[in-house]
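Every chain is numbered from 1 and lettered A, B, ... according to where its sequence line falls, protein lines coming before strand lines.
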Amino acid sequence: MNANADLPSPAPAGGGHRAAPYAHDRSSVERIMLQVCLALTPATLYGLYLFGLPAILTFLCIVLAAIATEALCLWLQGQSLWRLKDASALLTGWLLAMSMPPWCPWWLSASGAFFAIAIGKHLYGGIGQNVFNPAMLARVALLISFPVQMTTWVQVMPLGSDIAPGLSQSLAIFFGEQGIPDGFTGATLLGASKAAANGGASMAELASRDYSLGQSFVGNTLGSLGETSALLILLGGLWLLRARVISWHIPVSMLLSTLLLAAIFHSIDDSLYLDPWSHLTSGGIMLGAFFIATDYVTSPSTNTGKLIFGAGCGLVLFLIRTWGGFPEAVGFAVLFMNALTPLIDRSVKPRAYGRDRRGNAIKNISARKVQ
Amino acid sequence: MFGLKSIRGGVHPETKKDLTSERSILTALPLPKKLYLPLSQHAGVESRPQVQVGDKVLKGQLVARSGGSLSANLHAPTSGIIAAIEPIVAPHPSGLPAVAMVIESDGEDRWKDLPTLNDPLDLSPDELADRVEEAGIVGMGGAIFPAAVKLRQGRRFEIKTLIINGSECEPYLTCDDRLMQEQAAAIVDGARMIRHIIEAYEVVIAIEDNKPDATAALKQAAAPYGMINVINVPTHYPMGSAKQLIQAVTGKEVPAGGRSNDIGVLVHNVGTVYAIHQALRLGRPLISRIVTVTGACVKTPHNVEALLGTPVRDLIQACGGLTAHPARLLMGGPMMGQIIPSIDSPVIKGTTGVLALNQREVNEHLPAPCIRCGRCVDACPMGLVPLEMAKHSGADDFDQAQDFGLRDCILCGSCAYVCPSHIPLVQYFEYAKGELRERRNNESKQEYTKRLMDQRNERVEREKAAKAAAKKAKKRASRKTKSPAESES
């Protein structure tokens, strides 16, 4: 084609006129979501290995149910099913699965996924509109509704080991025809510490007896499906930082505030309060700090706001873990701070160029000539 | 001496400057048969035609005079006949008609008599500013603000630093780069004249560090003059925005709502400086400019020296024509440029580039909902919160949008460039700014009406009072004549 060919207004790809820029860094929502999933993969695979076939069934059930619910909600709203490809439902389901007990009956998994997507996300208006983290909302709803099932922690039974359940037994557990045998379960460190605090046993004694900090860090211990390995979650989180998918503000402020509070109280009375490193390697704190609290939609959008948000998460987390009614508190802490996010965003703004922190124009260093 | 300060936010788009930066400027393009000069190609009101249809004009002859304080003169880019003064499709995305002067070239390209000039540096600053105004020079970096107005404003302040902006941060564009390489001496000369006019203490020529050849050329040209410093600034969009460049060079921020004058700085683009050199040294008005013609759809991208009014089609043809139907045809760079409605749109004073981009380069997608990732907040060089500004602008809640920084937005497009949801943020801001302007206009209109009304009421009252007083006086007077004794009591 040469320049003589008639070129009326060139055909726009996006439809109609659109203001500049006509360049883009090629980022996309889909890419971000898939990067987060990729960062979750090592910890997920390790969790699936630790807890075997029933855990694989749990994971698949939650993820597929989340995607199916998303499809249903989009269809009900008359939206294109192409929007499934933004992978946001996959990520929500994945995160929920990570925080669930490893061996869940199908109905628990499916109702959790449904709750997260339908109630936690679409009831608020779909992607970007929800106030609360959908995965945490579902987890907390299930915890309150089904406290027994949601705190049944199976022992580590790695795939291929002698004690690992076979296919038929796994399916029976998955379909709820068979409960989890008592001998298979145990208590988490946080649960035990809560019990210990209530019963008066010493923390130090507890820690030395059953729980090794090293094991807890690597993750060879019982707990939620994907939360056991602080190490692998940390690695995934660091990769997300490197890939600039998340910024350091929330993870650092959240971990630091928990660490500081735990250190202070542990030094006051180490028989009553768990040591800071156990806090940092147990439960969902790592997953929470890098993957849950950093959820874009439900956390502040400015850096100062993120620091406040993270510190608040750490504080609430420590309060509930130490004095609250539940041994684990990441979900509650994050939800509580989610509720404060609009307030933080309203009151914390970056300093604009040419203005002071309050938004007034900076003082003129007037160069006007005296005439 | 210059502790370069970093600017906040910003982005690093692919520069794509290598398409044209190694090729010298094409001059002496075939003379177009017809030139189209829109009467409005500067900030401010239209210019007023000084010639009539059918008049013969010479190259460089004044054809339209500035229509007001922020307007600019227009000169005939070549010799010929005024064929028409009529509406054409303006080189603006709206595609709305705008009045233009159509000049049919006679092919002779004959200059008017150019004055023989004394050394401009011997003339008074005011006279030089008048000559810059006479030459119709506006900001050539795309701002199209009349240069003389800026110079005169600068004279009222104590200007410490005159910054010559050669950063050219827009991707693709190399018109300033090539100009600096090929006309370094002229630019240095122009910078000295501006310094003379505004009596600046020092001159800093700031160039992004991805233009080593231009930097070297200017360093060499500036070497004999002590007060001209040529420095490199980081390649970092939007470094070429005056506010950001001032921050990088001086470390100071222009106060919100203020001008760079306030902090003793004045910024001129290298293209403007070159035009000022042409006007003051050679007496030539602004009738041509360098345009970067590039993009994946252009066969052999080049910079060209184009007469104002040349249809874009001719420029593309000079560069070998198009190889494919462009997804977007733009005037200016991809970050802040505008869609042109037709390939026959003419080159105007602010045309830095003509870009024929393919779909891959534009990477346009339908917008998805905001996921509040905050990348726009990190990218904003002004420290604003674009996602909140867009949210409130979309809901027509302009007060809230202002609260999150709409007033300070420079429309640089960094936010939309990084938005993973492809939200056309700048479009929201342009819309909101337009609505606010409208609202202000209405308010002042209402105020004006109210003032008129008040004045009228006041006048009526006054007249009434006057009438009453007159009546009273009359009455008293008549009484006086009737019974003078009574009034004395």
Side-chain angles (χ1 to χ4, degrees), chain A residues 1-15 17-32 83 86 88 125-129 245 247 296-303 306 345 349-355 359-369 371, chain B residues 13 93 156-158 171 243 253-258 261-264 313 316-317 321-322 324-330 334-339 341 343 357 359 362-366 368-374 377 382-385 387 404-405 408 413 416-418 420-421 424 426-427 430:
Chain A
M1 187 187 291
N2 63 40
N4 285 325
D6 258 325
L7 282 172
S9 54
H17 165 68
R18 190 160 157 180
Y22 305 99
H24 194 267
D25 68 358
R26 295 179 198 284
S27 63
S28 68
V29 175
E30 175 191 350
R31 193 179 143 87
I32 291 170
R83 293 184 60 173
D86 69 19
S88 61
I127 187 168
Q129 300 296 316
V245 173
S247 72
Y296 295 145
V297 177
T298 56
S299 65
S301 50
T302 62
N303 289 342
K306 284 174 184 165
D345 266 340
K349 288 173 206 153
R351 186 187 70 82
Y353 178 106
R355 293 182 186 277
N360 301 317
I362 53 174
K363 234 170 59 195
N364 278 14
I365 313 151
S366 181
R368 186 174 288 274
K369 281 180 184 165
Q371 299 267 320
Chain B
R156 293 202 292 273
F157 291 82
E158 186 183 344
K243 285 186 168 136
E253 293 182 12
V254 181
N261 292 332
D262 293 334
I263 53 168
R313 183 192 296 272
I316 292 176
Q317 226 154 21
L322 293 172
H325 197 292
R328 287 295 191 196
L329 186 61
L330 308 177
M335 295 300 286
M336 289 187 75
Q338 292 186 322
I339 292 176
I343 197 165
L357 304 178
Q359 180 53 40
V362 177
N363 191 35
E364 214 163 285
H365 289 272
L366 284 176
C370 173
I371 56 167
R372 295 176 36 86
C373 65
V377 183
M382 295 298 286
L384 316 178
V385 191
L387 68 117
F404 283 98
D408 298 322
Y417 174 79
V418 297
S421 293
V426 175
Q427 184 142 352
E430 279 179 355

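- At a 4.5 Å heavy-atom cutoff, the contact between B:Pro424 and chain A is made by backbone and side-chain atoms alike.
- Of the atoms belonging to B:Met335, heavy atoms from both backbone and side chain fall under 4.5 Å from chain A.
- Of the possible donor and acceptor atoms, one in the side chain of B:Arg372 sits under 3.5 Å from a partner among the backbone N and O of A:Ser299.
- Top candidate by heavy-atom pairs under 4.5 Å with chain A, chosen from B:Leu387, B:Asn363, B:Leu384, is B:Asn363.
- When all heavy atoms of A:Pro21 and B:Ala416 are compared, the closest pair comes out as CD-CB, 3.5 Å.
- Residues B:Gly337 and A:Ala20 approach most closely at O-CB, 3.4 Å, considering heavy atoms.
- Distance alone, capped at 3.5 Å, places no donor-acceptor pair between the A:Tyr22 side chain and the B:Glu364 backbone.
- The line from CD1 of A:Ile32 to CD1 of B:Ile371 is 4.5 Å long, rounded to the nearest 0.5 Å.
- For B:Lys243 against A:Tyr353, the heavy-atom pair with the smallest separation is O-OH, 2.6 Å.
- Contact record, A:Pro350 with B:Val377: CG-CG1, 4.3 Å, taken as the closest heavy-atom pair.
- Across all non-hydrogen atoms, the minimal contact from A:Gly354 to B:Glu253 is N-OE1, 2.6 Å.
- Looking at B:Cys370, only its backbone comes within 4.5 Å of chain A, counting heavy atoms on both sides.
- By number of non-hydrogen pairs under 4.5 angstrom with chain A, the leading residue of B:Leu330, B:Val385, B:Leu357 is B:Leu330.
- Between the side chain of B:Gln427 and the backbone N or O of A:Ala19, at least one donor-acceptor pair lies under 3.5 Å.
- For A:Asp345, the parts lying under 4.5 angstrom from a heavy atom of chain B are both the backbone and the side chain.
- For a residue to count as touching a neighbouring chain, one of its non-hydrogen atoms must lie under 4.5 Å from one of that chain's; by this rule A:Ile127 touches chain B with backbone and side chain alike.
- Remark: A:Arg351 CZ is packed, more than 12 non-hydrogen atoms of other residues, nucleotides or ligands lying under 6.0 Å away.
- The contact between A:Arg83 and chain B is made entirely by side chain atoms (from C-beta outward), counting heavy-atom distances below 4.5 Å.
- Among A:Arg26, A:Glu30, A:Gln129, the residue making the largest number of heavy-atom pairs under 4.5 Å with chain B is A:Arg26.
- Here the shortest heavy-atom pairing between B:Ser421 and A:Val29 reads OG-CG2, 3.3 Å.
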